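See structure below.
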Amino acid sequence: MKRYTLFIGGRPVETAHHADILNPSTGDVVGGMPLATVQDLDAAVAAATAAFEGWRAKSSAERADACRAIAAKIEENSEELARLLTLEQGKPLNGLGSRFEIGGAVAWTRHTAEIELPVEVLQDTPEGRVELHRKPVGVVGSITPWNYPVMIACWHVIPAIRTGNTVVIKPSPMTPLSTIRLVELMNEVLPPGVINIVTGENDIGAAISTHAGIAKLTFTGSTATGKKVMASAIDTLKRLTLELGGNDAGIVLPDADPKEIAEGLFWGAFINNGQTCACLKRLYVHDSIYDAVCEHLAAYAAGIVVGDGLSEQSILGPVQNRMQFDIVSSYVEDARAKGGRILTGGTAYAGAGYFYPVTLVADVDHGCKLVDHEQFGPALPIIRYTDLADVIAKANDNPAGLGGSVWGRDIAKAKQVASQLECGSVWINKHGAIQPNAPFGGVKQSGIGVEFGAEGLKEFTTIQTVFC
Ligand code: NAD
């Protein structure tokens with residue numbers, strides 16, 4: 001078993017202790033996660049601070065070149081990264097799994113390399129000239145979740161370094177190894193100290209969010225942890241980007257074609273086994289086509305092979321960890337107890353691994369956990385509605401506001417419904433499709449700030465207004 005190291009100041013750093021990282025398909029040990037101490041974190045922040053002056057002084061073109069070189073490094077090592085990701089996260093190599101995630105990391109890195117934030121001239125008159133300059137914030141702390149550890153690490157690190165910041169990243173203790181390897185590759189391109197990694201349990205995340213040497217935090221994870229991070233950032237007034245949990249609603253209008261939308265609905269809900277922030281997590285279907293939509297979704301689900309991610313045949317893998325597996329199982333049991341009709345799945349597979357079948361639950365409503373809370377796993381509640389105003393109110397009756405979708409043939413009508421949904425992104429006849437040139441972020445309790453595109457890049461800068 002390989003024991004991994006931290007990377008601080010461009011060099012591998014050994015730790016006294018490690019924790020076993022387990023393959024969720026088999027329970028086998030994949031590797032040893034280094035357990036960083038607070039002293040290691042201090043050293044990482046010191047290295048990032050020391051590197052900051054030199055890195056911010058580079059030209060935008062030099063930093064763009066570095067990002068392009070990182071994209072090339074990830075691409076050259078993509079199969080190795082994909083296998084490590086599958087081993088620790090569980091997602092299949094194939095389909096919308098590990099190779100897809102690594103491809104996304106490359107695409108986002110390449111796109112971000114090309115974005116410029118030029119000086120804006122706000123006024124240029126005989127009375128005076130006013131310019132808006134954007135400056136790096138300093139040392140950025142990055143805390144990532146376990147669902148897309150490589151791609152989300154790139155979403156955090158690349159815009160931070162593109163704009164002249166240096167970074168200390170802390171991945172989830174569930175999936176730290178692929179991020180360690182990613183940071184090792186980044187260090188083959190970047191000057192020492194520009195990107196550093198510390199790994200360990202949640203206490204290291206808490207130490208990052210209070211650390212006086214960190215000027216900005218970019219956090220992706222659950223709403224509950226995001227609130228703790230926000231509270232701990234108060235003393236040092238850290239800048240924050242928080243990408244938090246979602247409970248996205250999808251509304252199927254009566255003019256939708258149940259057969260045509262089944263595949264899109266399925267992948268909107270079950271990409272990465274439902275372990276995606278902007279998955280479709282509550283599906284509302286008009287009474288007139290309710291049975292047909294249920295039938296076509298169940299038929300599509302019947303063709304999905306769930307298995308070990310290393311098998312090229314697997315389309316979905318296991319749930320990533322025991323805690324999430326227990327949440328999904330208990331929410332399905334709660335829905336069943338409250339009258340939910342299981343169309344498919346509903347009982348965990350026997351044997352090793354956290355395998356849970358694709359599960360569709362009909363005839364449920366608000367008041368059960370599967371509808372009211374984020375399941376973050378392979379179980380979708382399907383809710384019947386008759387009145388449009390009523391269903392829009394129900395879709396909005398949730399503290400989360402990440403994404404939403406509307407499905408129907410009349411696009412103008414669908415857009416009109418979409419405009420009434422309280423969420424940061426809304427899709428018509430698809431769900432969860434994100435891209436590197438379009439800002440992405442949540443409203444309400446799904447977060448603060450956005451990622452991607454120029455708007456996302458700006459979050460890693462402070463404004464200096466120059467009057468001359
Ligand atoms: P989590 O909140 O349990 O953990 C996220 C990270 O926070 C981990 O690295 C963890 O170690 C760290 N952490 C835990 N306690 C901490 C503390 N007190 N202070 C600082 N850091 C701490 O989330 P998770 O289970 O890893 O991820 C799943 C959640 O993430 C879901 O709710 C999902 O919707 C959300 N998510 C959101 C987005 C988005 O863009 N909005 C993207 C992916 C995932």
Side-chain angles (χ1 to χ4, degrees), residues 19 21 24 33 35-36 38 41 88-89 91 101 104 108 141-156 168-176 178-180 197-211 214 217-234 238 240-248 271-281 319-328 373-377 398-403 423-425 432 434 438-452 456 459:
I21 298 303
M33 166 179 72
L35 290 171
V38 171
L41 172 62
E88 67 174 352
Q89 207 285 338
K91 64 180 70 186
E101 176 173 342
W108 254 268
S142 151
I143 300 177
T144 55
W146 49 259
N147 58 344
Y148 291 90
V150 175
M151 191 157 68
I152 292 178
C154 288
W155 291 354
H156 286 191
V168 176
I169 187 170
K170 190 212 78 68
S172 165
M174 309 285 180
T175 55
S178 50
T179 314
I180 294 177
I197 183 163
V198 289
T199 55
E201 301 301 338
N202 295 341
D203 54 334
I204 283 291
I208 286 184
S209 55
T210 51
H211 202 290
I214 292 178
L217 263 176
T218 177
F219 172 87
T220 304
S222 64
T223 300
T225 311
K227 288 178 183 178
K228 288 187 199 161
V229 165
M230 190 164 180
S232 3
I234 284 179
K238 289 186 194 353
L240 289 176
T241 301
L242 301 176
E243 294 290 355
L244 309 179
N247 195 350
D248 292 12
I271 183 170
N272 204 29
N273 226 2
Q275 303 166 122
T276 301
C277 50
C279 256
L280 204 178
K281 291 172 180 153
V319 174
Q320 202 279 326
N321 57 72
R322 179 89 222 179
M323 194 183 79
Q324 205 61 46
F325 179 87
D326 290 342
I327 288 174
V328 173
H373 301 288
E374 183 185 36
Q375 65 278 52
F376 214 62
N398 196 279
L402 194 56
C423 49
S425 300
I434 51 169
F440 173 76
V443 301
K444 302 203 289 188
Q445 292 190 26
S446 284
I448 292 178
V450 292
E451 296 183 288
F452 315 157
E459 301 240 342

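Order of appearance sets the numbers: ligands from 1, and atoms from 1 within every ligand. The structure displayed is predicted, hence computed values, not measured ones.
Among protein heavy atoms, the minimum distance from atom 40 (O) of ligand 1 is reached at Glu243 CB, 3.2 Å. Regarding atom 28 (C) of ligand 1, its nearest protein heavy-atom neighbour is Phe376 CE2, 3.6 Å. Taking atom 34 (O) of ligand 1 as the reference point, the nearest protein heavy-atom neighbour is Glu374 OE2, 2.6 Å. Among protein heavy atoms, atom 27 (O) of ligand 1 sits closest to Pro145 CB, 3.3 Å. The shortest contact between atom 26 (O) of ligand 1 and any protein heavy atom is with Trp146 CD1, 3.0 Å. Looking at atom 18 (N) of ligand 1, its nearest protein heavy atom turns out to be Lys228 CD, 3.8 Å. The nearest protein atom to atom 44 (C) of ligand 1, hydrogens excluded, is given as Asn147 ND2, 3.4 Å; this is a heavy-atom distance. Taking atom 12 (C) of ligand 1 as the reference point, the nearest protein heavy-atom neighbour is Ile143 CG2, 3.6 Å.
At a threshold of 4.5 Å between non-hydrogen side-chain atoms, the residues Pro149 and Thr144 do not count as touching.
Side-chain atoms of Glu451 and Thr241 include no donor-acceptor pair closer than 3.5 Å. Gln445 and Lys227 form a side-chain donor-acceptor contact under 3.5 Å, judged by distance and modelled atom types alone.
Using a 4.0 Å heavy-atom cutoff, Pro173 is listed among the residues neighbouring ligand 1. Taking 4.0 Å as the cut-off, Pro171 counts as a neighbour of ligand 1 on heavy-atom distance. Heavy atoms of Gly447 stay at 4.0 angstrom or farther from ligand 1.
Counting protein heavy atoms under 4.0 angstrom from atom 23 (O) of ligand 1 gives one or more.
Residue contacts with ligand 1 for Tyr148 are absent, since no atom lies close enough (heavy atoms, distance under 4.0 Å).
With distances taken over non-hydrogen atoms, the option nearest atom 15 (N) of ligand 1 out of Thr225, Ile208, Val450 is Thr225.
Inclusion of Leu244 in the set of residues having an N or O under 3.5 Å from an N or O of ligand 1 is warranted. Of the N or O atoms in Glu451, none lie within a sub-3.5 Å distance of an N or O in ligand 1. Ligand 1 has an N or O atom lying under 3.5 Å from an N or O atom of Gly221, backbone or side chain. Looking at Asn202 next to ligand 1, an N or O pair under 3.5 Å apart turns up. Inclusion of Thr220 in the set of residues having an N or O under 3.5 Å from an N or O of ligand 1 is not warranted. Residue-to-ligand polar distances place Thr144 within reach of ligand 1: an N/O pair is separated by less than 3.5 Å.
For Ser232 (side chain) and Lys228 (main-chain N/O), a donor-acceptor pair under 3.5 Å exists by modelled atom type. A donor-acceptor pair under 3.5 Å links the side-chain atoms of Ser172 to the main chain of Met174, judged by distance alone. Counting only distance, with no hydrogens or angles, the side chain of Gln89 and the backbone of Trp146 share a donor-acceptor pair below 3.5 Å. In this structure, the side chain of Thr276 engages the main chain of Ile271 through a donor-acceptor pair within 3.5 Å.
Ring geometry for Trp108 versus Trp155: interplanar angle of 30 to 60°, hence tilted.
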